[in-house]
Amino acid sequence: MNETQERLQFPDGFLWGTATSSHQVEGENTNNQWWEFEQQPGKIWHGQRSGLACDWWRNAEVDFDLMQQLGLNAHRMSVEWSRIEPEPGRFDPAAIDRYREMLDGLRRRGMEPMVTLHHFTNPLWLERRGGWEKAEVTPYFQRYVRHVVQALGDLCTLWVTINEPLVYVAQGWVRGIWPPEKNNLPLALRVFRHMLQAHGAAYQTIHALQPEACVGYAMPVRVFSPSNPTSWLDRKAAGIKRYIAEHVWIMGTIDGRVRFPLGLNEYHHTLEDSADFIGINFYTRDLVRFRPDPRILFGEEHYHPEGEYSDSGWRGVYSEYAPQALNQVVHEVSVFHKPIYITENGLPDQDDDQRPRWLLGHLHELYQAIQDGCDVRGYFHWTFTDNFEWSEGWGLRFGLVELDPETQERRLRPSAAMFSEIARSNAISRSLVAHYAPALLPALFPGKENTKSH
Ligand code: BGC
């Protein structure tokens, strides 16, 4: 029996961790626009609020200890602008101290931190000044980033400037279901443009302070496929989505050009070659069918009618199981010759009856992409502990660890043990698949008597 057929081995030094964001886990982030939004009736599922969230501001260490026990070697977290700079130009040393304690805590437990500088939330003072709609956001962001890197740079070298700019823009200015609840395409494009420029500025700021830094962004890369592949209109509509969702941003950070519809191809030297890695947040694929509506960029997104879906959100289905699409996007992003991190991947699954198989299915596709030569350096599962899922409140449970937000009681889901075994061995073994997702044995370990499980 060939030993290699018993294990799918990942590259040495591969990072295995989970991802979180400040507002979703810290609790009592009262000084940002999301907190304000949550207080208004009808905005969040069942009127829920982030409240104490996972209580990380007081005690992230509870989860850090669990991560260590599971043998994870990395964690992606974000720092909260509204805590660090509660008023314009005034920085709070106590907030910095707490983040130093957290980063140091991760390191001491054997985990490499990856720090995101903007993950959907803004200080209220910035909101009041027009937030990301105004060009002044770039110098504001740069000032904040400078402060953070000066204060935390000895504890972190892996930086994500901005998380999912497109999701932030689409939810806030196109679909209008997140603050500031607008439905205004020209403004949406302006915000997107400012985020791209701010990313470039932040990249330069970080590197000036920390030449060894590794700086990237987290993109919600999806596969947009035409609903009907023989329809020219569906193919064009899918192409437009992909152009806007991936090409405009990623190519901008490669050649420094701000492309249509964000600009007229003008060159920004701060933007050129401004990604040391590309972070991919991957949840699902989308089918796109043409609809003559510019507000949705002429394409309506939907899932395959016969697909397998995760737990649903209150505004519709959350995600479709399509792990091969992860393989595809990793190949697509590899053409830029930058290291890749999977900065998020996961699913809402309260009872954990899909997560083990979904997780293994995705990791298998990632493994295949690495075998094909794609330079993937790590995988961050979304998320560690169930947390505040934006508009969906506590209704969607993405955690490897189940949380009761009332009591703060934690309970490891079976997937946590599985992920731990993978992280510790840096591999997926045949026996692990047989135990957690026997249905996947023929795909992961073909050519053997794989039909039987434990
Ligand atoms: C975001 C997270 C979110 C996750 C699950 C991503 O779009 O970065 O903040 O919780 O997806 O919906």
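Worth knowing before you read on, the calculation uses all heavy atoms, side chains too, and leaves out hydrogens, waters and symmetry mates.
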No-hydrogen, no-angle side-chain donor-acceptor test under 3.5 Å, D55 and Q408: no

Y203 and H199 aromatic ring geometry - parallel, tilted or perpendicular at 30°/60° bounds: tilted

Closest non-hydrogen atom pair, Y99 against E80: OH-N, 2.9 Å

Closest approach of N122 to Q33 (non-hydrogen atoms, all atoms of both residues): N-OE1, 2.7 Å

Distance in Å, I177 CD1 paired with E181 CD, rounded so as to fall on 0.5 Å steps: 9.5 Å

Side chain H147, main chain R143, donor-acceptor under 3.5 Å: no

Aromatic ring proximity, centroids under 6.0 angstrom, Y318 and F398: yes

Backbone of R289 reached by a side-chain donor or acceptor of S227 within 3.5 Å: no

Evaluation steps, side-chain contact (heavy atoms from CB on, under 4.5 Å), between V79 and I84: CA-CA 8 Å; V79 289; I84 292 175; 3.8 Å; yes

Approximate separation, where rounding is to 0.5 Å, of E36 CD and N31 CG: 9.5 Å

Side chains of T121 and S22 in contact at under 4.5 Å (non-hydrogen atoms): yes

Heavy atoms from other residues, nucleotides or ligands near CZ of R58 exceed 12 (cutoff 6.0 Å): no

Heavy-atom side-chain proximity of E300 to V288 below 4.5 angstrom: no

CA sep, side-chain torsions, deciding dist, call: R193, E133, salt bridge (charged side-chain N to carboxylate O under 4.0 Å, His left out): CA-CA 9 Å; R193 176 193 170 96; E133 290 177 12; over 6 Å; no

C374 versus S334, closest heavy-atom pair with distance: SG-OG, 3.3 Å

Geometric cation-pi criterion, R424 with F419: 6.0 Å, 45°: no

Donor + acceptor pair across side chains of H75, T18 (<3.5 Å): yes

N-O pairing of R410 and D65 below 4.0 Å: no

Test of ring centre spacing under 6.0 Å for F282 and W382: no

Close side-chain approach of L396 to D349, heavy-atom, < 4.5 Å: no

Sub-4.5 Å side-chain heavy-atom contact between C54 and L403: yes

Residues W159, C214; criterion side-chain contact (heavy atoms from CB on, under 4.5 Å); working and verdict: CA-CA 6 Å; W159 304 96; C214 192; over 6 Å; no

Ring centre gap for H118 and W132 strictly below 6.0 Å: yes

Side-chain heavy-atom pair P220, Y168 within 4.5 angstrom cut-off: no

Sidechain N-carboxylate O distance under 4.0 Å for R257, E272: no

Exceeds 12 heavy-atom contacts within 6.0 angstrom, atom OH of Y267: yes

Heavy-atom side-chain contact between L359 and L400 under 4.5 Å: yes

Taking every non-hydrogen atom, the tightest pair across Y321 and G361: OH-CA, 3.5 Å

E409, CD: over 12 other non-hydrogen atoms inside 6.0 angstrom: no

Test: K241 and E246 ion pair at under 4.0 Å: no

Sole residue of W34, W178, W314 in side chain to side chain donor-acceptor pair (under 3.5 Å) with S391: W178

Cationic N near anionic O, under 4.0 Å, R109 to E61: no

Salt bridge R355-D351, side-chain N to carboxylate O under 4.0 Å: no

Salt-bridge criterion met for R175 and E301 (N-O under 4.0 Å): no

Result of checking D375, D273, T253 against K338 for side chain to side chain donor-acceptor pair (under 3.5 Å): D273

Short side-chain donor-acceptor distance under 3.5 Å, E38 and S50: yes

Rounded distance [0.5 Å steps], CD in Q150 versus CZ in F91: 9.0 Å

Inter- and intrachain pairs under salt bridge (charged side-chain N to carboxylate O under 4.0 Å, His left out), touching residues 22-33, at least two apart: E26-R83

Residue pair Q197 / T138, side-chain donor-acceptor N/O under 3.5 Å: no

Check: I296 main-chain N/O paired with R291 side-chain donor or acceptor under 3.5 Å: no

Aromatic contact, F141 with W81 (centres under 6.0 Å): yes

Interatomic spacing from OG in S415 to CD1 in I422 - rounded to 0.5 Å: 9.5 Å

Residue pair Q328, Q324: steps toward the side chain to side chain donor-acceptor pair (under 3.5 Å) verdict: CA-CA 6 Å; Q328 189 181 330; Q324 65 291 348; over 6 Å; no

Charged N-O contact under 4.0 Å between R413 and D386: yes

H381/W358 aromatic ring centres below 6.0 Å: no

Minimum heavy-atom distance W125-P86, with the two atoms named: CD1-O, 3.2 Å

Close side-chain approach of M251 and D255, heavy atoms under 4.5 Å: yes

T116 vs N163, side chain to side chain donor-acceptor pair (under 3.5 Å): CA-CA, chis, key distance, verdict: CA-CA 7 Å; T116 306; N163 179 70; 5.8 Å; no

CG on L363 to CH2 on W16, rounded to 0.5 Å: 5.0 Å

Check: G153 main-chain N/O paired with Q210 side-chain donor or acceptor under 3.5 Å: yes

side-chain contact (heavy atoms from CB on, under 4.5 Å) between R397 and E389, intermediate numbers included: CA-CA 8 Å; R397 301 307 189 103; E389 180 51 34; over 6 Å; no

Pairwise distance OG1(T385) to CG(D63) - rounded to 0.5 angstrom: 3.0 Å

Sub-6.0 Å ring centroid separation between W45 and W394: no

Within-4.5 Å side-chain heavy-atom neighbours: V401 and T383: no

side-chain contact (heavy atoms from CB on, under 4.5 Å) between E85 and R90, intermediate numbers included: CA-CA 6 Å; E85 191 181 1; R90 183 174 76 76; 5.9 Å; no

Considering all heavy atoms, the nearest L152-R100 contact: CD2-CG, 3.5 Å

Cationic N near anionic O, under 4.0 Å, E136 to R129: no

